[in-house]
Amino acid sequence: MKRTIEELCSGKHEYDVPALMFSQEKIEVTLPPGQTTQRELYIGTESDHRIRGYVTSSDRRLVPGLESFSGTTIRLPFGVDAVGLPNGEVREEWLCFTTNLGEYRIPVTIRTEAEQMKTAGGEIRSLDEFAALASRNFREAYRMFTEPSFYDLIHAQDEKTRSLYAGLSAQPVTYQNLEEFLVASGRKDKVEVQLGEYQKEIFEIQESTRESLQITRSGWGHLRIDAVVRGSFIELEKRVITDEDFIGSTYNLSYVIRRDRLGEGNQFGEIRIITPYQELVCQVTASATIRSNLMLRMEEKKRRLNLMQDYLDYRCQMVDTAAWAAQSHYELNRLKDAGFDYPEYKMYEVYVLWTEGKKAEAYDILREYHKEPFIKDDPELAGLYLYLAFEAGIYKDSESVLRRLTGLYVQNEKSFLLQEILLHLDPELIRVPSKALYHLEEIFSKGCKNPLMYLEAWVRICMDESLLHRITPFWIQVFLFAGRRGLLTEELTMRFTYLSGYEKEFSECLYRALVYGYEAYPSDESLEAICRYIMTGNPRKKEYFRWFSLAVERDIRLTRVFEYYMETVDTSYHKELPKSLLMYFNYNNSNLGDTRKAYIYADVIAGKDQDPKTYNSYRQTITSFAAQKIREGRISEDYAILYQEYLRKPENQEEARILSGILFANRLYCDNPRVRCVIVRHSQLTKEELYPCVHGVAYPRIYTEDAAVLFQDDKQRRYSATVDYNLKKLMDDRDLVPAIIEKRYTEPGLLLNYCELHEITSENLPVFQQVVQSDSFSEDYQMETRRKILRWYRENMKGAELDMLLKRLDHREYALVDRKALLEVLIDRGMFRQAYQIVEEFGSEDVSPSDLLKLVSRMIIRLELKEDDELTALSSRIFRGGLYDEMILRYLMLYRTGPIDELFEIRRCAVGFDLDTYAFDERILGLLMLTTDFRKEGEKILESYVRSSGREQVISAYLTMLSYGAFVKDYSVSPFVRECLMTVYKNGWEVDQVCHLALFKALSREKDPDGLYKDLKADLLKECMDQGMLFGFYKKLPQDLLSPWQLDDKTFVECHASPGAVVTLFYQLDSGIGEPDGFASLPMTQVYEGIFVRTFTLFYGETLRYYFVTEEKGKTRKTPERVLTMNRVEGNPSSRYQLINRMLSSRKLGKKDETQRGLKDYLRQEQYVNEMFDLK
Amino acid sequence: MNEIRDLILGIDFGKEKTQLCYYDRRAGEPRSLSMKVGANVYEAPTRLCYLSDQEDYTVGLEADYFARERNGELIEGLYDLSGTEDTVQIGGKTVTPVDLLTHFLKGMLRYVGVVDVIRNTKCLCITSPVLTEIRVKNLKEACRNAGLSDEQFMLLDHGESFYYYVMTQKKEVVSRSVAWYLFDQDHVTFRKMTLNTAKKPFLVRLEDPVETDLPRSAKERDSAFCEFIQKTIGTELFSSVQISGEGFGTEWALQSVKILCFQKRKVYYGNNLHAGGACACAKEKTEDRSLRSYRFLSESLVKNDVGMDMLVMGSRAFVPLITNGGNWYETHSHCELILDGMEDLVFVVSSMGDTEKKRVVMRLPGLPKRPRKTTRLSLDLSYVSPEKCEITVKDLGFGEMFPKSGKVWKETVTWEEGSL
């Protein structure tokens, strides 16, 4: 500024300043929220003009690296600060350059934009877009899913989705996790597969063959299929199939059927296709033989079985002979039709025919086989033939037949058929059942399992019950047979039941036989026997509950029956327990496991209204049991009932801790056998919680309704939406949570539950503040809690106590959450220093202008008006927003160097406040001089400055600038300035000549009828003439002033151009006599700073046509042509020139007399001159 | 509860209390669900509570809690409201009974604890003491609003739920007649369920109720009940005696129990009879179908077969529209037909156990005159009470040739009276 003043004072003027050039006309900065960046701007001119000036910005988010600068090329570094700006914010700011080459504003756009996830296909802005990407490129989607920036996409989603993501993005992240995420968030359906065929039958396999199984999948997405084979004859080509193996939606799984591993008959195998969601089975039947053979064999087996069943029914007297015979003939005919016309069936036919009395037909068939040689080959058939032939009378010697049969049996001791025949033929065996039974037991021990054998045994035992004197495997089978066929008798059942009491080892068969017995003849004795017998084995199986419950119901006294009742009871549901059982366990509960005890106690509690007596008797036991188990952290539905019933609000922190451990337990049941763990993910917490899933049941702790429940299998894959489950809350925590909190136990889950369900009050505020301080909570949740706290503060801002809490807050953290609310609260509570720190770091957008005004104003006072860039910028912003107070104005006047318009505005307002603007005026004047700004308001400031007895140097410099403008650039001059100039002239201040010239020019324009300034003008003219300076405005001066300088008869032509220009005058003088000559050229000389003047002496009637051609920096410019005509004769002519002019004028007007008079005067004057002045 | 999918649920929507049952396939029986966390409380008050700050409803015991602790707006008389179409003002808004029932239903289903309970529900059966036309309409609408499809829910009155409860018990419980004492505090209703096994289908009938009031004091109450038992079942043989409702207690019924157990009659007392019955009904109708040979003659039964003689695929045939034996609120039929030169509809009606057929004509006044076989009609039959059938006929036109006239004919018919 000082330099400018000096330059001005020393007459250094710049007629024309070059324009500033900026490396960028418009600056756009995009940066992530919360970050800062540095940029550069280059400033220069075409002509390497020296630049001096100041730079200011509209906001503190835009910080110029220099305050002032000087040089021919300026590099301006500037910082952009987006700390505290939300994402997607766009702010329009500017940088103002106040320079000696003028004032310029460069618009700056600051845009915050979070880093977008980019893929080869472009940016991903939403979950839908992400799902679309996944459908195109699952691998790429997986890559993105595992990147931390994916959270930005999830951030805006609801709590449930966030929890889900948190759970599924936990390491290790599998493709399955992403698949589950997409399914659970409703972006896709789960992939399902179908098989082309579910049954495959291949026959006549001569050599190993390759087959394929078509697998079709639905939709898109990740898929991993495990293929498992059962059956050694199948060999799979691939055991793991992924989605990449599929062509379109199908894949053909090849497999080989190995001929060398195919045995006889049909081989059954299966291929299991296992996906995370499905298990499909393709049954494979393979055989080396042809299909029809196999079918026939099956047919034969089926018919044989039917024949056996029919015969048993007949023997058990369930059908009569005729019906049995008819059915048997039917089956035999079917066999015959199928080509099984074997002798053994013929023999059976003979037996049937014989039995139904068709002896002739039977005889005929037997005769056919009379000479058949199959006796040696097949002893059974031979025996059968012998028997039938004997019966038919073909053989008559019974002894011989018996001997031969016995012989055959000796050869083939395992044959029950031969034994059966002997049983019917041998008189001894018929007479002595014990002997027959001995033989039957013998043959059983050799591995015979023929039901007919059991029947024969049953028939015999029924004849003599005393034969049953011990239980053997044989008798168990006989009893099972009899039970199954409904042959049991009460006596035998009783006997069998009685004998079972001697058995020391449990046998499932005997148990089943006993059950048959009880079902046929229920009695307390057999019930007791069953219970006793069960107890010899493993009585804890659920299926035995029927017997123990019956025993308790029937009041059967048995040791440990109540215990087994409890061991076998279905504890998943509460049914009213028998009173006797409750009474028993009231005194004898030491043998029971804890789970069972809890079940009983829960039942007692459930029935307390119906049976208060029992409840009261149990009360003490249950209370101590509950207290002990809660310490052990045991939980189940039954435990929960106990805890709920007996546990009251905690008395101390330890109790609070114990209670908190079980409070949020839920029972989760899922029937998916792959699930190993249940994971509960609360997006509000940093860690997930893992619970083992045993037999499909887990007891996870869930604190909020929007927690995500995930499942993990043995391969660490996680599932969510594709696993169905059932969840039951076990404890009612509503009253207990506040009670635990009161005891200052602060486990994260507990806090979370509390904070989610309660509003902030002054009492529970510390609880919420713990959330904010704890590492266990996610950043997002902490921020949300801070937001809540701030909102609460804003709505409840009163009380010194709250101020104390407010002071203790980590304001910086809160500012990250809700700067606006925090600042409002801080400003309201008078914590200006804290608020100011926040503003400094995070900015002050969104804060109401009035609050900001309050803050800035107080801070200015606190800083005692010391300079602070932040404050200056803030004050300026508030002021530009239309709000200000005295302090802000004062401060701005002290430190703001910003755009001149703004300074003017500040001054205008300051004047309104009656503030002293002296120093500010000086600064404005300085800036006006620097920027060579001739605006009229400046003159007013000058006026004020002068009135305040401003510095002479400043005033004169400013006047010099104004004078230059007025004189060289023809700006008008206010009367005040003219007065100043006059004063300066009169007082003889050392100012530049241009001040005098400007004054002279101004005076020349004024009418001065009284001749007040005549002397002044004469002096000024003399000053100019002394320097040979001729100006066009002289013609406005009175004749008497000009005549001494012989300028009264002169005509001036004046041209204004830049000081360095070359100006040529082209003119044509038309004297009115004859044709005028062409234009003549004349180089002009510069009189002062680009002012070029030339004088002509024109006679009346003469016309001067002229124009200028200026040459400047290689550019030639021609001014419009002008015409000057001398057609005026003024005043009393005195000079010869005037006289001639008058004569010319009179002659032209036809005034002869006047012309002659003029001629006379002229001649007289010439005479005088010639005579009086002798020119030597 | 270990059920996850294909849930079979029964709700007893009572005047004062509501119960929720599910069918446990592993145990093979309906089981009640607890309505209170950490306790075995199987009944919840039939109430809703509106929380204005959350704009949400809570049900049952929760409703009581929130009304008490959080000043929620308690909505009582939900059962009575379900039988009307009157709107109520709740939280400054006008709410219909259907809206309230929807919230109630959704709230109840939350107790099941299964994620996405609607998708995983195979059948929900709601039983109520009395089913009126409006209640049926409201409950059906509420079920649909809650997201259930028409195949996923069914309605039942208490009489029928008793039938299903009893019939799905052990055989010995139903081998003969079954006595049923329904307590409503001091009021007892006796009904006898008889089984006619003379011909198939076996007819099961609940005989007309016999009612009495009992005094309050224990001794008098016991003796009054004894008298009532003598009067109603005496020494008759019953395979079981079922007692349900609130008002019975072993502490006062000392003599009564002895009489009830006369000749080793099995006496069952339980409070989940109706919910269990509803659940059993859902299981029976959707999965077991083991009671096909039985028919319960309820008061809600539609007793007519209704059909029409029509040309089907070119040959004359009788097309059955309504078959008897269903409850009126479950009976509806829809078909589309083309008129062949006729101007009115002729229904062929026969009554249950009656071989004679009756023809009932429905006129269609104002039916546009069109050539033969160019009038397509939509026909809907639905019952509004056991006797009254509502017939809705709509003119569907015949494509672009004869655009539909938009005419709708609606008639309510009592088939017995035989006229429209």
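Numbers restart at 1 for each chain; the letters A, B, ... are given by sequence-line order, proteins then strands.
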Q) Can you tell me how far CG of A:D671 sits from CG of B:N2, rounded to the nearest 0.5 angstrom? A) 9.0 Å
Q.
Are more than 12 heavy atoms, taken from residues, nucleotides or ligands other than B:K266, located less than 6.0 Å from that residue's NZ atom?
A. no
**Q.** CG on A:D735 to CD on B:E69, rounded to 0.5 Å
**A.** 6.5 Å
Q.
Could you check whether atom CZ of B:R68 has more than 12 heavy atoms from other residues, nucleotides or ligands sitting under 6.0 Å from it?
A. yes
Q: Evaluate the side-chain contact (heavy atoms from CB on, under 4.5 Å) criterion for residues B:E29 and A:K575: first the C-alpha distance (whole Å), next the side-chain angles of each, then the deciding distance (0.1 Å), finally the verdict.
A: CA-CA 12 Å; B:E29 61 178 11; A:K575 276 184 180 170; 3.1 Å; yes
Q) Counting only N and O atoms by type, is there a donor-acceptor contact under 3.5 Å from the side chain of A:Y573 to the main-chain atoms of B:S32? A) yes
Q.
If you count every heavy atom of other residues, nucleotides or ligands that lies below 6.0 Å from A:D524 atom CG, does the total exceed 12?
A. yes
Q | Atom of B:M1, atom of A:Y669 and distance for their closest heavy-atom approach | A | O-CB, 4.1 Å
**Q.** Toward chain B, the part of A:L727 with a non-hydrogen atom under 4.5 Å
**A.** both
Q) Can you list the residues that meet the side-chain hydrogen bond (donor to acceptor under 3.5 Å, both in side chains) rule with A:N672, with sequence neighbours excluded? A) none
Q: Determine the option with the most heavy-atom pairs under 4.5 angstrom with chain B, choosing from A:Y639, A:Y643, A:Y725.
A: A:Y725
Q: Decide if atom NZ of A:K542 counts as having more than 12 heavy atoms of other residues, nucleotides or ligands within a radius under 6.0 Å.
A: yes
**Q.** A:D570 with B:R26: basic N within carboxylate O range, under 4.0 Å
**A.** no
Q.
Less than 4.0 angstrom from a charged side-chain N to a carboxylate O is my criterion; do B:R119 and A:D724 meet it?
A. yes
Q. Non-hydrogen atoms of chain A under 4.5 Å away: do they reach the side chain of B:Y111, the backbone, both or neither?
A. neither
Q) Quick check: are there more than 12 heavy atoms from other residues, nucleotides or ligands sitting under 6.0 Å from CD of A:E705? A) no
Q: Could you grab the distance from atom CG of B:L33 to atom NZ of A:K728, nearest 0.5 Å is fine?
A: 7.5 Å
Q. Out of curiosity, A:I641 CD1 to B:S34 OG, how far, rounded to the nearest 0.5 Å?
A. 7.0 Å
**Q.** Segment of B:V41 engaging chain A (4.5 angstrom heavy-atom cut-off)
**A.** neither
Q: Assess whether side-chain contact (heavy atoms from CB on, under 4.5 Å) is satisfied between B:D53 and A:E759, documenting all intermediate values.
A: CA-CA 12 Å; B:D53 51 343; A:E759 294 295 323; over 6 Å; no
Q.
For B:E16, I'd like to know if atom CD has over 12 heavy atoms of other residues, nucleotides or ligands within 6.0 Å.
A. no
Q) Taking atom NZ of B:K36 and atom CD of A:Q644, what is their separation to the nearest 0.5 Å? A) 7.0 Å
Q | Within 6.0 angstrom of B:R176 CZ, more than 12 heavy atoms from elsewhere | A | no
Q. Do A:S572 and B:R31 have a side chain donor and acceptor closer than 3.5 Å?
A. yes
Q | A:E576, CD: over 12 other non-hydrogen atoms inside 6.0 angstrom | A | no
Q | B:N120 versus chain A, the contacting section by heavy-atom distance below 4.5 Å | A | side chain
(Q) Please check: side-chain N/O of A:N726 versus main-chain N/O of B:E3, any donor-acceptor pairing under 3.5 Å? (A) yes
